[in-house]
Protein chains: 2
Amino acid sequence: MSNKKKIAESAISRLSLYLRILEDMVEEGEPTVSSQTMASQSGTTAAQVRKDLSLFGSFGRRGLGYSSTDLVSRIRQILGLNRRWKIAVIGMGRIGSALVEHKGFFDRGFDIVALFDTSDFKVGSNVHGLKVHHVNDMRALVQDKNIEIVVLTVPVEAVTDVTDLINDSGVRGILNWTPARLAVSQSIEVKNVNMVMELEALSFKLSQS
Amino acid sequence: MSNKKKIAESAISRLSLYLRILEDMVEEGEPTVSSQTMASQSGTTAAQVRKDLSLFGSFGRRGLGYSSTDLVSRIRQILGLNRRWKIAVIGMGRIGSALVEHKGFFDRGFDIVALFDTSDFKVGSNVHGLKVHHVNDMRALVQDKNIEIVVLTVPVEAVTDVTDLINDSGVRGILNWTPARLAVSQSIEVKNVNMVMELEALSFKLSQS
DNA sequence: CTAATATTGTGAAGTATTTCACAATCAAAA
DNA sequence: TTTTGATTGTGAAATACTTCACAATATTAG
Ligand SMILES: NC(=O)c1ccc[n+]([C@@H]2O[C@H](COP(=O)([O-])OP(=O)(O)OC[C@H]3O[C@@H](n4cnc5c(N)ncnc54)[C@H](O)[C@@H]3O)[C@@H](O)[C@H]2O)c1
Ligand SMILES: NC(=O)c1ccc[n+]([C@@H]2O[C@H](COP(=O)([O-])OP(=O)(O)OC[C@H]3O[C@@H](n4cnc5c(N)ncnc54)[C@H](O)[C@@H]3O)[C@@H](O)[C@H]2O)c1
């Protein structure tokens, strides 16, 4: 797929929201849905919904709205969810193992297929039916299993070491849970999940009022 | 504090980043820091850093840069971190209990002072030295302990019930881990941590190239 | 004291994103 | 068939955010 126009990050987040709403609609048997409905359920405006969708094509029917099932598959297509993604979790501590046991990822197209750690206690053990490998074997397993995304849940002290291994592994995307900013090669996409930052944003808002 | 001008969400996120960078600088004994240094470490531009800070005042010295220690306390002040926040965690499952054991929150000014669940197995038990209360006692405990923020880690099916209890409790902010959009009273601030949405954004980016 | 160098603070310019507003289109009712 | 009512798709306008560019300051060297 060629990368033509630049799509705002915010538009992509909203598409994720719309997708969840639409899936609920389909489940409830609603055949069509209007931009207004999607807007009120996702906390935006009808014009914003239509503009977001129009970045990718004309999916609705004037006077009628959008076919729920059709729009679900359109958005899945847009987001690259018309396939499954293989992911690995690096760092089998408290957060890492909580994630592995969570079925929400599988349900939405992400298969956890490998786990990594360095601790002698953890390497070789099983977590939720998956064997924990040593992080030094990452390159081999990433290549072998076609892993494209890793979730990083190691202590912040380990980040530099692990980043080198990731850079070298062929992985294309990282979901980073550590508070560190990762030094990865340009071609690797990074998304950060930073709870403390979210709490600080709450702190700011609450201090304002 | 009166809420004068509107500050962009993105500016607040960046202030969190700058704060972390500056704290590292202080630790390393750097007395001053330039906007350029902060910019390169946080992945933005020097002009952006200066503009962000200038939204709140003039903290630097021309020709010299910013005093690291001074700027740390300025930003802490801006973000409302010149005090400690009392928080509760609702839902002592896999994620909830991982969060309780994490010292990163305490380190940055957030004290977890109460835990809630509904399960008979969990209510009454201890997690990391804190007793787990029944969620029905939330209002009383929130009032009693002056809890202002709750972290929500309950199953999505429980969200409606718990949201009612939260609305009624006097809590001012929520860090929502569930994939649901919360129906809370206007006066409550909500921040969402949505991993699946982040994975979907990765999926989109990786599908583009 | 003057010159050279560094770096802030901030209007103005440039981009990006959101909202507006309305012609185009469709279904259903008259 | 015509009218009414609903709702999309999209340029244009409005807003929001980022980057530019430079005067104002500060330090240091000569
Ligand atoms: N626990 C939380 O609530 C929480 C919240 C937000 C962010 N985080 C961040 O997530 C990360 C993990 O947190 P946690 O609480 O799960 O920590 P943890 O200490 O429970 O787990 C870390 C795991 O990483 C493993 N590890 C250490 N070095 C490694 C290496 N080089 N390669 C692979 N694995 C390695 C350890 O053996 C351990 O199993 C930390 O960076 C933390 O700041 C945690
Ligand atoms: N585990 C993950 O990796 C992960 C990742 C992202 C988001 N989430 C979301 O976080 C939430 C929690 O996930 P989890 O894996 O920790 O689930 P979990 O099932 O392990 O834990 C949920 C806990 O909530 C308690 N609970 C149920 N109803 C309650 C109520 N009405 N009031 C208070 N407590 C109640 C349960 O007793 C249980 O202890 C879910 O919404 C999930 O979608 C989880």
Can you check the [X] [atom1] to [N] [atom2] distance for me, whole Å?
X      : N       : atom1 : atom2 : answer
Q36(A) : dC20(C) : CD    : C1'   : 14 Å
F59(B) : dG9(C)  : CZ    : P     : 9 Å
L53(B) : dT7(C)  : CG    : C1'   : 13 Å
R61(A) : dG5(D)  : CZ    : C1'   : 16 Å
L71(B) : dT7(C)  : CG    : P     : 15 Å
L55(A) : dT18(C) : CG    : C1'   : 12 Å
D52(A) : dT18(C) : CG    : C1'   : 10 Å
Q48(B) : dA16(C) : CD    : P     : 14 Å

Would you say a side-chain N or O of [X] is under 4.0 Å from OP1 or OP2 of [N]?
X      : N       : value
R14(B) : dT18(D) : yes
S10(A) : dT18(C) : yes
T45(B) : dT19(D) : yes
Y66(B) : dA6(C)  : no
S35(A) : dT8(D)  : yes

Base, sugar-phosphate or nothing for R50(B)? Non-hydrogen atoms, less than 4.0 Å.
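Since a base atom lies under 4.0 Å of R50(B), the category is base.
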Would a distance-only check, ignoring hydrogens and angles, find a side-chain to backbone donor-acceptor pair under 3.5 Å from R94(A) to E101(B)?
yes
Non-hydrogen atoms of F59(B) and D70(B) that approach each other most closely
O-OD2, 4.0 Å
On a heavy-atom basis, which atom in V26(A) and which in V72(A) lie closest, and how many Å separate them?
CG2-CG2, 4.0 Å
Which of dT7(C), dA16(D), dA16(C) is nearest the side chain of S34(B)? It is dT7(C)
L64(A) has a side chain; which of dA27(C), dT19(D), dA12(D) sits nearest to it?
dA27(C)
Counting distance alone, no hydrogens or angles: does the base of dT7(D) have a donor or acceptor under 3.5 Å from a partner atom on the side chain of R62(A)?
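By the distance-only test, no, there is no pair.
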Compare all side-chain heavy atoms of H102(A) with those of H128(A) and state whether any distance is below 4.5 angstrom.
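SC-SC contact between H102(A) and H128(A) ruled out.
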Check whether F106(B) forms a cation-pi arrangement with R84(B) (NZ or CZ under 6.0 Å from the six-membered ring centre, at most 45° off the ring normal).
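So R84(B) does make the cation-pi contact.
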Nearest-nucleotide wise, let me know which of A47(A) and G60(B) is further upstream toward the 5' end of DNA chain C.
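By nearest-heavy-atom nucleotide position, the 5'-most residue is G60(B).
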